[in-house]
Asks: 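Just dropping this structure here.
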Amino acid sequence: MRKGAKAAIVGTVFTVMVGGAGYGAFNVVSALSEDSGAESVKTGPPSKDEIAETSEKFFAAWEKGQARAAADLTDNAAPAATLISDYKATAHITGVKITPGTPTGATVPFSVKATVSFRGKSKPLAYTSSLTIVRGTTTGRALVDWKPSVLHPGLKAVGDALVTGEAASPPIEAVDRDGKVLTKEKYPSLGPILDTLRARYGDKAGGTPGIELMVRHADTNIADTSLLTLAEGTPGKLETTLSASAQAAAEKAVLKFSESSVVAVQPSTGEVLAVANHRGDQFNAAFEGTLAPGSTMKIVTAAMLIDNGVTSMNGPAPCTSTAIWQSQTFSNLKGMAPNENATLANDFMRSCNTGFIKLIDGTKANPLTDESLTTEAQERFGLGQDNWKTGITSFDGSVPASPGPDRAANAIGQGQVQMSPLNMASVTATAITGEFRQPYLVSPDLDNRELATAKGLPASTSAQLKEMMRMTATQGTAAQAMAGLSGDIGAKTGSAEVDGQTKSNSWFTGFRGDIAAAAMTQEGGHGGDAAGPIVAAVLRTGG
């Protein structure tokens with residue numbers, strides 16, 4: 001059949017079917033497909049040419065503000081179209097110029113230059129991002145693998161949006177306990193914390209909001225992230241409990257170890273002196289982390305043993321090579337020599353697991369239960385009751401009553417126990433003063449928050465804990481990390497094993513005078529190896 005004749009017949013059939021049922025139209029499409037021979041769907045990774053062509057078309061459509069055209073070049077068109085459309089309509093970003101970088105495989109880095117304009121105010125915007133080209137699973141087309149971060153790296157989650165307008169909260173000028181200004185630029189890990197403080201207390205600090213380009217997060221618990229200020233608001237002054245010198249030391253110390261966090265508090269008041277994180281994300285693990293604290297938990301366990309009359313710091317606590325509890329065998333760190341004549345203080349100082357585990361059943365005269373450690377943690381140390389009000393989001397620790405082998409594991413900071421560095425800094429503060437003072441970052445007087453309370457420790461228990469921590473810092477597992485620190489010092493090390501990790505998490509908590517600090521480094525090894533130097537660096541700033 002001649003090409004022209006075939007076209008004429010097809011056109012006739014189509015004309016007849018236009019007024020017919022949809023089913024008829026479907027049959028025409030099917031017939032045409034079968035007559036022309038359906039192309040097979042492409043598979044495999046996109047080629048170099050496909051990567052270049054698709055990314056170029058996507059960039060061109062984005063630059064022109066053609067949201068639907070750009071979105072159709074992605075593998076998730078609906079949310080892509082909404083964000084790209086809002087890029088101009090809601091974020092008021094125009095004059096977009098995109099410059100691609102050199103692709104790495106299917107990933108194309110690029111830089112964006114544009115202008116943000118709102119209510120007669122304009123400012124240039126510049127940032128970098130990247131996209132990846134993938135093969136469409138049903139169409140076989142080369143498509144942009146859509147993620148909100150393609151449009152802007154500040155868009156982390158589905159539902160995050162770019163918005164330009166009056167800020168939700170006035171800006172703040174956060175100051176430390178001595179009136180020194182705290183900024184994100186000087187103290188980078190305070191960035192998310194300052195954003196949260198602004199969201200919570202900006203309207204109470206007396207400022208007026210400005211006009212900003214910001215990320216409005218889908219998670220309403222996360223404060224807006226300011227990206228660009230078009231018109232300055234008037235900042236209100238917000239007093240914090242932080243110490244600029246301690247904060248500077250904390251920032252510097254955590255940079256030496258990845259995935260590290262540290263908190264320092266003032267035991268006599270509960271005021272937070274420093275909080276720093278060195279992580280790949282912006283998660284405030286120092287306040288919100290939920291990890292097993294390892295042997296730093298032995299501070300609470302030792303308090304439980306003393307308070308319940310099971311033993312004292314000078315009482316017997318044989319350190320054997322292994323200990324069996326509920327058919328599970330526990331051992332000590334490799335190379336630790338057993339000591340059948342060990343006291344609780346000796347076990348604490350060397351961090352002997354078995355000496356503690358052999359005592360968690362108590363004695364006939366003073367029996368312990370699955371709830372004993374939980375009760376000690378809650379009533380004496382103020383942990384695990386979900387009632388801390390620090391001024392920002394924080395975790396209160398968790399010490400659940402655990403039957404079976406976990407009862408023993410909990411006693412040495414494994415099992416089901418979870419803590420943050422904030423919790424362990426508070427544990428040390430309570431241990432050395434005998435008083436639980438809930439940590440806080442801004443005064444409760446600012447918003448009439450009611451701080452958590454607990455009855456604290458008997459004077460005798462506190463004195464024994466403090467002395468055992470002194471011994472650990474001067475002649476035990478913490479001695480190397482604490483070397484060179486003057487004054488009244490004490491510490492406790494911890495190593496927490498985690499399934500799937502080649503190295504344990506490093507934990508360390510200590511005090512010097514009226515400052516207590518705790519740190520955690522994921523996969524940092526023994527407590528004194530990574531977390532120890534971080535804590536020691538912060539303790540050097542006060543005493």
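Position 1 is the first residue of the sequence; numbering continues from there.
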Asks: What distance do C319 atom SG and N346 atom CG have between them, rounded to the nearest 0.5 Å?
Replies: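 Between C319 SG and N346 CG, I get 7.5 Å after rounding to 0.5 Å.
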Asks: Closest approach of V262 and V254, non-hydrogen atoms and distance?
Replies: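 Reported closest heavy-atom pair: CG1-CG1, 3.7 Å.
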Asks: With a 4.5 Å heavy-atom cut-off, do S243 and Q266 have their side chains touching?
Replies: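 With C-beta onward as the side chain, the pair stays apart.
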Asks: Please assess F283 against E288 for the test side-chain contact (heavy atoms from CB on, under 4.5 Å), listing each intermediate value before the final yes or no.
Replies: CA-CA 8 Å; F283 179 60; E288 301 178 57; 3.5 Å; yes
Asks: I'd like to know if D178 pairs up with K180 as an ion pair, taking the criterion as any Lys NZ or Arg NE/NH1/NH2 lying under 4.0 Å from an Asp or Glu carboxylate oxygen.
Replies: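 No, this pair does not count.
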Asks: Judged by atom type as modelled, is there a donor-acceptor pair below 3.5 Å linking the side chain of R540 to the main-chain atoms of G484?
Replies: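 It does not hold such a pair.
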Asks: side-chain hydrogen bond (donor to acceptor under 3.5 Å, both in side chains) between T183 and K186: does it pass, once the steps are laid out?
Replies: CA-CA 5 Å; T183 65; K186 189 168 184 180; over 6 Å; no
Asks: Out of the candidates I193, T196, L190, only one should pair with N284 under the side-chain contact (heavy atoms from CB on, under 4.5 Å) rule; please name it.
Replies: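 Single pass found, and it is I193.
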Asks: Does T472 reach the side chain of T477, with side-chain heavy atoms less than 4.5 Å apart?
Replies: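 In short, these two side chains touch, coming nearer than 4.5 Å.
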Asks: Quick one: does W388's side chain have a donor or acceptor within less than 3.5 Å of a partner on G382's backbone?
Replies: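 Indeed, once roles are kept as given, a pair shorter than 3.5 Å links the two residues.
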Asks: CD of Q475: more than 12 outside heavy atoms within 6.0 angstrom?
Replies: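 Check passes, neighbour count above 12.
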Asks: Considering non-hydrogen atoms only, spot the tightest contact between G510 and V535 and give its length.
Replies: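 Reported closest heavy-atom pair: N-CG1, 4.0 Å.
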Asks: Using a 4.5 Å cut-off on heavy atoms from C-beta on, say whether the side chain of V427 contacts that of T296.
Replies: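 A side-chain contact under 4.5 Å is absent here.
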Asks: Walk me through whether D529 and S506 qualify under side-chain hydrogen bond (donor to acceptor under 3.5 Å, both in side chains).
Replies: CA-CA 7 Å; D529 293 346; S506 174; over 6 Å; no
Asks: Could you please spell out the steps behind the side-chain hydrogen bond (donor to acceptor under 3.5 Å, both in side chains) verdict for H217 and T225?
Replies: CA-CA 8 Å; H217 297 280; T225 301; 2.8 Å; yes
Asks: Please tell me if the side chains of V215 and K156 come closer than 4.5 Å, counting only heavy atoms from C-beta onward.
Replies: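 Answer no - side chains too far apart.
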Asks: Do E259 and K503 meet the salt-bridge criterion of a basic N to acidic O distance under 4.0 Å?
Replies: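 No, K503 and E259 are not salt-bridged.
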Asks: Counting distance only, does the side-chain N/O of N308 pair as donor-acceptor with the main-chain N or O of M304 below 3.5 Å?
Replies: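 Such a contact is found between N308 side chain and M304 backbone.
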Asks: With a 4.5 Å heavy-atom cut-off, do R200 and V442 have their side chains touching?
Replies: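 They are not in contact (no side-chain heavy atoms under 4.5 Å apart), so the answer is no.
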Asks: Taking atom CD of E239 as the centre, report whether more than 12 heavy atoms of other residues, nucleotides or ligands fall under 6.0 Å from it.
Replies: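 12 or below, so no.
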Asks: Checking T240 side chain against V175 main chain: does a donor-acceptor pair fall under 3.5 Å?
Replies: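 Side chain of T240 to backbone of V175: a pair is present.
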Asks: Report yes if some heavy atom in the side chain of Q522 is under 4.5 Å from a heavy atom in the side chain of R279; otherwise report no.
Replies: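 SC-SC contact between Q522 and R279 confirmed.
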Asks: Quiz question: by atom type and distance under 3.5 Å, do the side chains of R437 and S426 form a donor-acceptor pair?
Replies: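 Judged by distance alone, the side chains do not pair up.
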Asks: Looking only at the side chains, is there a donor atom on one of S420 and N423 sitting less than 3.5 Å from an acceptor on the other?
Replies: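 A pair is found: one side chain offers a donor N or O, the other an acceptor, under 3.5 Å apart.
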Asks: So, E251 side chain and S189 main chain: donor-acceptor pair closer than 3.5 Å or not?
Replies: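 At least one qualifying donor-acceptor pair exists.
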Asks: Kindly write out the residues that satisfy salt bridge (charged side-chain N to carboxylate O under 4.0 Å, His left out) with E467, not counting sequence neighbours, or none if the list is empty.
Replies: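 Per chain and number, E467 pairs via salt bridge (charged side-chain N to carboxylate O under 4.0 Å, His left out) with R470.
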Asks: Kindly indicate whether the side chain of S351, heavy atoms from C-beta on, has any atom under 4.5 Å from the side chain of K492.
Replies: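 In contact.
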Asks: Can you tell me how far the CG atom of D370 sits from the CG atom of D406, to the nearest 0.5 Å?
Replies: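 Between D370 CG and D406 CG, I get 10.0 Å after rounding to 0.5 Å.
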Asks: Under a 4.0 Å N-O cut-off, is there an ion pair linking K466 with D488?
Replies: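 The answer is yes: the pair qualifies as a salt bridge.
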Asks: In Å, rounded to the nearest 0.5 Å, how long is the span from CG of L422 to CG of D396?
Replies: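 Separation between the atoms: 8.5 Å.
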Asks: Taking all non-hydrogen atoms of both residues into account, name the closest pair between Q328 and P405 and its distance.
Replies: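 Closest approach of Q328 to P405: OE1-CB, 3.1 Å.
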Asks: Between I412, N353, T322, which is the residue that forms a side-chain contact (heavy atoms from CB on, under 4.5 Å) with F330?
Replies: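 Answer after filtering I412, N353, T322: I412.
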Asks: Looking at every heavy atom in both I432 and G513, which two are closest together, and how far apart are they?
Replies: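 So the two residues come closest at CD1-O, 4.3 Å.
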Asks: If every non-hydrogen atom of V300 is compared with every non-hydrogen atom of L373, which pair is closest and at what distance?
Replies: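 For V300 and L373, the tightest heavy-atom pair comes out as CG1-CD1, 4.0 Å.
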Asks: Is it the case that over 12 heavy atoms from other parts of the model lie below 6.0 angstrom from the CD atom of Q480?
Replies: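 Check fails, neighbour count at 12 or below.
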Asks: Give, for atom NZ of K358 and atom OG1 of T311, the distance between the pair rounded to the nearest 0.5 Å.
Replies: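 Between K358 NZ and T311 OG1, I get 14.0 Å after rounding to 0.5 Å.
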Asks: Can you tell me if E450 has over 12 outside heavy atoms packed within less than 6.0 Å of its CD?
Replies: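 No, CD of E450 has 12 or fewer neighbouring heavy atoms, counting only those of other groups under 6.0 Å.
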Asks: Are the side chain of T493 and the backbone N or O of G527 linked by a donor-acceptor pair below 3.5 Å?
Replies: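 No; judged by distance alone, with no hydrogens or angles, the pair does not exist.
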Asks: Are any of the side-chain heavy atoms of F381 and L457 separated by less than 4.5 Å?
Replies: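 Answer yes - side chains close enough.
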Asks: Please check if the side chain of S462 supplies one atom and the backbone of A431 the other of a donor-acceptor pair under 3.5 Å.
Replies: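 Present.
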Asks: Atom CD of residue position E497 - does it have more than 12 heavy atoms of other residues, nucleotides or ligands inside 6.0 Å?
Replies: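 No, the 6.0 Å shell around CD holds no more than 12 heavy atoms from other groups.
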Asks: Does V181 offer a backbone N or O that forms a donor-acceptor pair with the side chain of E173 under 3.5 Å?
Replies: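 No; zero donor-acceptor contacts below 3.5 Å.
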Asks: Give a yes or no on whether a salt bridge exists between R380 and D307, defined as a side-chain N under 4.0 angstrom from a carboxylate O.
Replies: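 Answer for the salt bridge query: yes.
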Asks: Just by distance, do the side chain of N277 and the backbone of A286 share a donor-acceptor pair under 3.5 Å?
Replies: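 Side chain of N277 to backbone of A286: a pair is present.
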Asks: Sub-3.5 Å donor-acceptor pair from the side chain of R407 to the main-chain atoms of A401, do we have one?
Replies: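 Not a single qualifying donor-acceptor pair exists.
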Asks: Do you know which two heavy atoms are closest between N410 and P400, and how far apart they sit?
Replies: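 Closest pair (atom of N410, atom of P400, distance): ND2-O, 3.3 Å.
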Asks: Let me see the working for T433 and E435 under side-chain hydrogen bond (donor to acceptor under 3.5 Å, both in side chains), right down to the final yes or no.
Replies: CA-CA 5 Å; T433 64; E435 299 287 337; over 6 Å; no
